[in-house]
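Throughout, a chain's letter reflects where its sequence line sits, starting with A, and its residues are numbered from 1.
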Amino acid sequence: MIAEAGLAALWLAAALTALQLALSLGIAGPVGREVRTIRGVSIAQAVMTLTAFGLLILLFLRSDMSVLLVAENSHSQKPWLYKFAGTWGNHEGSMLLWVSVLSVSGAALALLERRLSDQTLSASIGAQAALGLGFFAFLLFASNPFERLDSAPVDGRGLNPLLQDPGLAFHPPTLYLGYVGLSVAFSLAVAGLLRRDVGPDIARAMRPWVLGAWVLLTIGITAGSYWAYYELGWGGWWFWDPVENASLMPWLAATALLHSVNVLAARGGLRAWTMMLALVAFSMSMVGTFLVRSGILTSVHAFAVDPERGAFILALLAIYIGAALTLFALRVAHVKEGAPFEIVSREGGLVANNLLLSVILGVVFVGTLYPLIAEALTGDKLSVGPPYFNAVATPMALTMAALMMIAPQLRWRRDSAAILPRLLPGLLVALAALVISLWLAPQIGLIERSALAIGLGLVPASLLPLIGRSLRRTPLATWGMVIAHLGVALSIIGAASNSAFTVEVLHAAKPGEQVQVGPWLIEFRGVRPAVGPNYTAIEGELRATRGNGVSVLHPQSRYFTSPPTTTNEAGIETFWNGQLYLVLGEEGEGGKWQLRLWWKPFVTLIWLGGAFIALGGLLALLGRWWKGRSNRTDKTPKRRKGYR
Amino acid sequence: MSRALRFAPLIVLLLFVAAVVWRLAVPVDQKVPSRLIGKPLPAFALVAGVPGKPGLKSTDLALGQPRIVNLFASWCVPCAGEAPQLQALKQAGVPIDAIAIRDRSVDIQAFLTRYGDPFDRIGSDPESRVQLALGSAGVPESFVVDGRGVIRYQHIGPIEPDDVPRLIQEMERAQ
């Protein structure tokens, strides 16, 4: 019964979405009533979609093996958390999650947005409904999550053990919330272009969505990077894998959008450009989802390869993005340009930021798709690996970091040579870092050295906007910017340090043998069997000593029976100045075990920086919300009444 | 904003869609071909995998007749699945040698007793050294080697019933 109820809820939600779209196209009633009706419909639609999703979760929790999706992806013996997370650890469930988020954002837009004119608001709710409708069609016709199975198996096939990690419970939904949060910016841009109503109001309506989506994407990417780092046992934190790029591309677009939407909201400038970025950001979410879901690019991440479904999503993508970009091309000439500014100004800095981010986005996009295009044109199979991305994207990212030392100090509209003294602290620290690194570590490469210098210089430069003002009266948004920029500095320092100073040792050791890894002396004490809830493992014992400090690490090689898979659980120990990362390999000749041992100085700063960046975004969001609330109670009671 | 620039994003989208449609129409061949196709076998000499049957040397594969070399292991489930197809090839007159990967003599013997033994020689490769030298990534895998010891064809994964005619055809081409 539950599965049938879920399917019914899904159909009902789809019907309500169609109604929502029809209403927004202006079929029903005069304008005032329309907005109120459309608001009700979009809320009912979101409730129905959430009901369907909730029922699917229930089916997974109850291990209802008569449902095909549950039987294929779950196992009755699994810990409950993974049954729960298993709901979206598969194609159909993750698409239902996607639609749920889309519906809820549409409802939230309808419920909360107070600044826009009725026409623009209903156009944007309609655009959101149009997006939803395509994905409902996809679920109902191509990926029904509630399909029954003729004869129910007893146990179910289980879930890829690599995915059996608390990370899975939170990583994909976080990214999805981010992806789909950008759909609201997309719908608002479409509405603005349709209604020829592109101005600061649209930007203000867009900003909390962009900020929120961006915070979630940042958290998702940072957590995903750390998850891959400790779970895959390969010791790296970014691989430029197509699936990683799929989440990085919307993030880059959203980062650019976040900065340009501020110019539009505060100064009325960069109108066309901001609309473009809003369209591109969500387009990148869709492209990313498509690339991951269709299996069109080979990736280390194992997802279902299914060309037919891929074709369906591709059709949706082509229709939505194609229509939006056509609209943009036709309407952009009518979009007024905002207030003028000079090159050396806050606006100028933000334009440079936007251009650099866009170029990096282009580089990642081309690199991700180049193998596909090259094979289409020449028939040669090739892969674009980390060397390309590192060589092209790293210098641009560093240029941007260098710009970040300057731009936040600039004033709106124009600035002059008077800014030079404000740049000194950052430059001095960067210069000092350069000299000290040449002296203490002459062996490291140019890129790593510049990254260290720029990253360290960015630390004081990020803090400068706080200097000379009352900290208690500094707006939260400014705090947010400072902390986010500081986060970028930390991440750069962490990545550069990891790349410049990591020590890696590969060694086949007998029990009792000692190996030196950087400052650590590591003794391999032997292996013993270990048992987990649904796996058996071989566990190594390694004793690491440095001075008086002693740590004992237990890396494991785990064996899962359903489905049969072996995974490596690295032994990781965190210290203030870095991480020890030890992996137990296979048993070789003569009782020797393959060991991979890393000492990674300051590697944790990469993710600490990510956390700072997300926190900065969160503070800015809270600040905007707070300000919005106090403004509204101050002076806009008339507007609110109009909506009731 | 100039007209061309306005339409640039749309053009990028169309290019993307075109490339992807092409890919959906021409699905990826996920197999990674060995770089050794068309090249001579690396030199190797493996001890016998089971008692009473000769081991395998690279020179055994350059005796004028094309042969199939099958990489298998007793612990490999798809290897059991392809056993009937190897028998069919054997019955079609195709000479087959084998390399047992990371395996033990007793286990190989048990595997052959259970699933049949179409092999003339079986070399044992306990540490996958020859497998890696052959550019092979997993088991089962089969190579067609011509009479001069040059690799002509590589079949990755289990041999399905549909693959048998293709392999016989490759054997004839290797003559």
Give the intermediate values and the outcome of side-chain contact (heavy atoms from CB on, under 4.5 Å) for residues A/Phe290 and B/Val20. CA-CA 10 Å; A/Phe290 167 74; B/Val20 167; 3.1 Å; yes

With chain B, which of A/Val280, A/Ile373, A/Leu314 has the greatest number of heavy-atom pairs at distances under 4.5 Å?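 Max contact count across the listed options: A/Leu314.
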
Which class fits the ring pair A/Phe365 and B/Phe16: parallel under 30°, tilted 30 to 60°, perpendicular over 60°?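 Tilted, since the angle between the ring planes falls between 30° and 60°.
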
More than 12 foreign heavy atoms under 6.0 Å from [atom1] of [X]: is that the case here?
X: B/Lys90; atom1: NZ; value: yes
X: B/Arg104; atom1: CZ; value: no
X: A/Tyr370; atom1: OH; value: no

Which heavy atom in B/Arg6 sits nearest to a heavy atom in A/Ala329, and how many Å separate them?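 Shortest heavy-atom separation between B/Arg6 and A/Ala329 comes out as CD-O, 3.1 Å.
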
Close side-chain approach of A/Leu325 and B/Phe7, heavy atoms under 4.5 Å: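 Of all side-chain heavy-atom pairs linking B/Phe7 with A/Leu325, none is under 4.5 Å.
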
Of the options B/Leu13, B/Val17, B/Val12, which is the one that meets A/Ile321 in a side-chain contact (heavy atoms from CB on, under 4.5 Å)?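 With A/Ile321 as partner, B/Leu13, B/Val17, B/Val12 yield a single side-chain contact (heavy atoms from CB on, under 4.5 Å), made by B/Leu13.
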
Separation between CG of B/Leu15 and CG of A/Leu369, rounded to the nearest 0.5 Å: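 Here the interatomic distance stands at 10.5 Å.
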
